[in-house]
Engineer: 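Questions regarding the structure given below will be posed in turn.
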Amino acid sequence: MLNIDKELNTEQARAVRTTEGPVLILAGAGSGKTRTLIYRIAYLLEKGVRPWNIMALTFTNKAAREMKERVEAMMPDNASSIWISTFHSTCLKVMFQYAERLGYEKNFEIADTSDQKAIMKEVYKKLNLNNKMFPERRALNAISNAKDELKSPTDFARENDGDYSKEWLIKVYREYQASLLKNNSMDFDDLIMNTVSLFKTDPEVLSRYRERFRYLMVDEYQDTNTSQFELISLLAGEHKNLCVVGDDDQSIYRFRGANIYNILDFEKSFPSAAVIRLEENYRSTGNIIKAANAVIAHNTERKKKALWTGKEDGALIRFKMLESAAGEASYIAEDIRSRVSSGKSRYSDFAVLIRTNVQSKELEDAFRVRGIEYDLVKGLRFWDTKIIKDLTSYLLTVAGGANDMRTVRIINLPRRGIGQASVERALAYGAEKKLTLLECCGRASEIPGIPSKTAKAMQEFYDLIISLREDMKGGRLYEAVDRINEKTGYLETALAEAETNEKAEEMREYVNKLKETLDIYERETEEPDLLDFMRQNGLEGNALDKTGDGGNGDQVLIMTMHNAKGLEFPNVFLAGAEDGLFPGYATLNSEDPLAMEEERRLCYVAITRAEKELTITAARYRMINGETRYSEASRFLREIPIGLLDMKIEPGKGRTESRKTGHAREDSSWELAKKSFQAKPQAYSGTFRKRTLTTPAKKPDYEVGDRVRHFKFGEGVVTDIADGGRDYEVTVSFDSAGVKKMFAGFAKLKKL
DNA sequence: GGTTGGAAACTTTTT
DNA sequence: GTTTCCAACC
């Protein structure tokens with residue numbers, strides 16, 4: 001039995017009990033949003049609503065998974081038939097039923113980012129467009145935006161009729177869409193656009209879904225775009241039992257189509273809406289909340305809210321301006337190190353938030369030098385990695401998929417001597433005779449214009465695939481990965497071509513992960529099917545955990561502010577708080593006032609990640625795009641009331657004497673970092689800084705065959721010493737870290 | 001057909 | 001400064 005009033009605050013309880021009609025829950029940062037949603041679902045169930053009548057939509061698979069788990073924990077009996085999933089996988093399920101009505105075959109595939117690029121390349125070739133004048137990226141962006149706004153190629157053409165500068169885009173969009181259809185594929189945006197268009201054109205289908213989903217909930221509503229808004233509105237139908245949860249102040253995805261006016265104008269779209277504000281923050285100290293409030297108050301396009309906390313004020317917000325980016329990184333690293341060694345904190349209590357990914361490099365260096373455990377959260381997409389794309393292309397081709405795009409990818413991988421020209425001839429031949437590229441390979445000798453040597457290679461490729469197809473019959477899918485690698489030599493070649501050992505290791509890890517995922521899928525699915533597997537997983541961006549080791553280790557996390565959304569940490573560093581970086585130049589120069597507001601929201605998100613302590617740092621100069629740039633402290637910093645700030649500007653390092661003293665005056669910690677770290681060989685460059693680093697070439701005291709120790713890589717055997725002119729280049733085979741090449745002057749190898 | 005060097009890019013990211 | 005991509009070379 002739920003005890004809502006005991007477990008929730010008044011507003012949360014009201015949000016839970018308001019079940020009928022449209023509801024807007026404005027949930028400030030750290031206000032217990034997910035908790036409220038979970039209770040709301042539980043309450044609906046307790047009231048007797050059938051679980052299959054409830055639908056919750058999220059943006060990420062992670063959010064969907066978490067919500068599902070928490071609901072299950074609370075209501076174990078009937079949680080399983082509640083529909084909790086992402087927008088995209090919801091639409092995928094719909095499309096799986098009705099794709100044929102829109103002209104696709106039943107077994108359509110999903111074109112992910114790299115598929116999109118491949119298709120766009122083809123389109124450009126066909127239309128004879130040049131990537132310089134008409135960048136492919138821009139085309140894909142424009143198409144994605146059009147789809148977000150539910151504009152078909154025809155709509156787009158009509159709208160931009162007569163606009164000479166967009167003529168090429170009109171053609172590209174039309175051709176791109178035709179090409180997708182030809183490959184029987186939908187891209188991510190199509191999933192939603194097609195579902196909306198199905199609902200609009202087929203009232204019967206729509207009413208079926210409306211009938212089923214009587215209670216709708218949408219998480220992170222501030223991130224919805226127009227097509228998603230349309231989808232929700234259609235489903236909400238007449239009953240309009242639509243509950244959206246979000247925070248307009250945390251809308252930070254405008255660049256990918258999010259429309260903040262979906263949340264700002266919710267009451268206009270649904271005039272009878274109940275509006276509930278969750279303003280009590282359970283996460284941060286008073287000072288952090290005050291600072292966040294002060295910053296966000298500078299925005300105009302927002303719903304007035306006043307976040308408050310029952311917690312004490314806590315520490316002031318520290319601000320530290322350093323000379324250089326490296327100095328900033330050293331400061332952060334030293335601060336973390338000293339606080340961890342005092343025993344009061346662990347590494348995992350700290351997160352460093354950055355605006356752009358390039359900022360991570362200096363931080364990583366500073367952490368590595370000091371032996372601080374850290375993890376860089378990067379948005380690397382498992383399914384988008386080359387090795388996984390290649391292997392899944394093999395799998396699908398072997399499984400009998402008739403997608404030429406995938407065959408093109410692997411036809412000469414590893415090298416078989418099948419060139420681009422021959423592939424094009426085969427494709428043209430296939431188009432004429434209605435054959436797939438693979439089928440064409442099976443009769444390559446018939447195709448005009450293909451040299452006999454190449455034709456033979458194509459025939460061999462065909463035979464290879466067919467024999468693999470035989471092998472796969474009745475076998476387990478995950479075993480096919482090994483079989484493919486054995487017979488084609490793909491993995492072997494790829495590993496041999498890997499530039500570094502880390503990369504090779506990563507490849508192995510990825511292949512294993514693919515096998516593991518396939519294995520799990522096969523055991524959990526009644527009728528395992530590769531195409532179905534790919535569809536499911538194409539929507540799952542990160543099969544690998546975002547953090548390298550699963551996030552359980554005791555590590556400092558470095559991540560972008562975007563990636564930090566939804567997370568919280570006891571101690572947060574906000575690094576690079578300079579005008580020109582955060583907010584960035586593009587924003588500072590933008591004519592669009594909304595651009596600065598978005599950036600400010602990002603600042604709000606960053607500040608509100610901190611539970612106990614927030615440290616803002618900046619650097620007077622840093623290297624950006626190859627040039628040294630000097631900057632002032634971020635304007636966002638100046639929006640924080642001075643009384644909340646603890647400006648730790650050390651004597652002699654104040655703002656007043658910035659530029660004159662310049663480079664000479666560096667933090668001693670930076671000097672330390674500079675000297676001890678430069679393990680990897682670097683090309684000579686004539687800058688001042690580099691030259692001071694280069695120690696004169698001195699013959700090392702070890703020789704080939706000696707055992708040596710490296711401060712990071714551990715022990716190993718010297719396999720080669722080459723005179724590199726300015727320095728000796730030493731090759732060492734380490735026991736655990738693999739083979740590395742390094743300059744003797746930098747590496748400081750110790751003979752054992 | 002494969003290698004290599006030079007030019008251009010370069011916020012932020014999920015599905 | 002670094003990485004990525006394509007075009008001219010071998």
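In the text below, chain A, chain B and the rest are named by the order of the sequence lines, each starting its count at 1.
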Engineer: Can you measure Glu136(A) atom CD to dC5(C) atom P for me and round it to whole angstrom units?
Structural biologist: 11 Å
Engineer: Assess the side chains of Gln177(A) and Lys147(A): does a donor N or O sit below 3.5 Å from an acceptor N or O?
Structural biologist: yes
Engineer: Return the value, rounded to whole Å, for the distance between atom CG of Asp148(A) and atom P of dT15(B).
Structural biologist: 15 Å
Engineer: Can you tell me the distance, in whole Å, between the CD1 atom of Ile110(A) and the C1' atom of dT15(B)?
Structural biologist: 8 Å
Engineer: Indicate whether any N or O donor in one side chain lies under 3.5 Å from an N or O acceptor in the other, for Asp532(A) and Tyr521(A).
Structural biologist: yes
Engineer: Out of dT15(B), dT12(B), dG1(C), which has the shortest distance to the side chain of Met623(A)?
Structural biologist: dG1(C)
Engineer: When the P atoms of dT12(B) and dC5(C) are compared, how many Å lie between them, rounded to an integer?
Structural biologist: 15 Å
Engineer: When the distance from CG of Asp112(A) to C1' of dT13(B) is rounded to whole Å, what number comes out?
Structural biologist: 14 Å
Engineer: 5'-most contact on DNA chain B: His562(A) or Thr86(A), nearest heavy atom basis?
Structural biologist: His562(A)
Engineer: Reckon Tyr585(A) touches a base, only the sugar-phosphate, or nothing at all at heavy-atom distances under 4.0 Å?
Structural biologist: nothing
Engineer: Quick one: Met561(A) CE to dT13(B) P, roughly how many Å, whole number?
Structural biologist: 11 Å
Engineer: Looking at the side chain of Tyr253(A), which of dT15(B), dT13(B), dT12(B) is the nearest nucleotide?
Structural biologist: dT13(B)
Engineer: Can you identify which nucleotide, out of dT12(B), dA9(B), dT15(B), has its nearest atom closest to the Thr60(A) side chain?
Structural biologist: dT15(B)
Engineer: Ion pair present between Asp248(A) and Arg302(A), side-chain N to carboxylate O less than 4.0 angstrom?
Structural biologist: no
Engineer: In this structure, how many angstroms lie between the C1' atom of dT11(B) and the CG atom of Asn357(A), rounded?
Structural biologist: 9 Å
Engineer: Looking at Tyr253(A) versus His562(A), is the centre-to-centre ring distance below 6.0 Å?
Structural biologist: yes
Engineer: Looking only at the side chain of Arg137(A) (C-beta and beyond, no hydrogens), which of the listed nucleotides dT13(B), dC10(B), dT15(B) gets closest?
Structural biologist: dC10(B)
Engineer: Just to confirm, is there a sub-4.0 Å distance from OP1 or OP2 of dA9(B) to any side-chain nitrogen or oxygen of Asn625(A)?
Structural biologist: no
Engineer: Could you tell me the separation between the CG atom of Leu353(A) and the C1' atom of dT12(B), rounded to a whole number of Å?
Structural biologist: 13 Å
Engineer: Knowing that exactly one of Leu191(A), Asp190(A), Ile192(A) qualifies, which makes a side-chain contact (heavy atoms from CB on, under 4.5 Å) with Asn194(A)?
Structural biologist: Asp190(A)
Engineer: Base, sugar-phosphate, or nothing: which does Glu599(A) touch, judged by heavy atoms less than 4.0 Å apart?
Structural biologist: base
Engineer: Respond yes when some side-chain nitrogen or oxygen of Thr587(A) is under 4.0 Å from OP1 or OP2 of dT11(B), and no when none is.
Structural biologist: no
Engineer: Using the closest heavy atom to pick a nucleotide of DNA chain B for each, name whichever of Ser422(A) or Gly626(A) lands nearer the 5' end.
Structural biologist: Ser422(A)
Engineer: Describe the nucleic acid contact of Leu92(A) in one word from base, sugar-phosphate, nothing, applying a heavy-atom distance below 4.0 Å.
Structural biologist: nothing
Engineer: Whether the Thr58(A) and Asp219(A) side chains hold a donor-acceptor pair (N or O, under 3.5 Å, no angle test) is what I'd like checked.
Structural biologist: no
Engineer: Between dT15(B) atom P and Asn61(A) atom CG, what is the distance in whole Å?
Structural biologist: 5 Å
Engineer: Stacking between Phe255(A) and the base of dT12(B) (centre distance under 5.5 Å, interplanar angle under 30°)?
Structural biologist: yes
Engineer: In whole Å, measure the gap between the P atoms of dT4(C) and dT13(B) for me.
Structural biologist: 16 Å
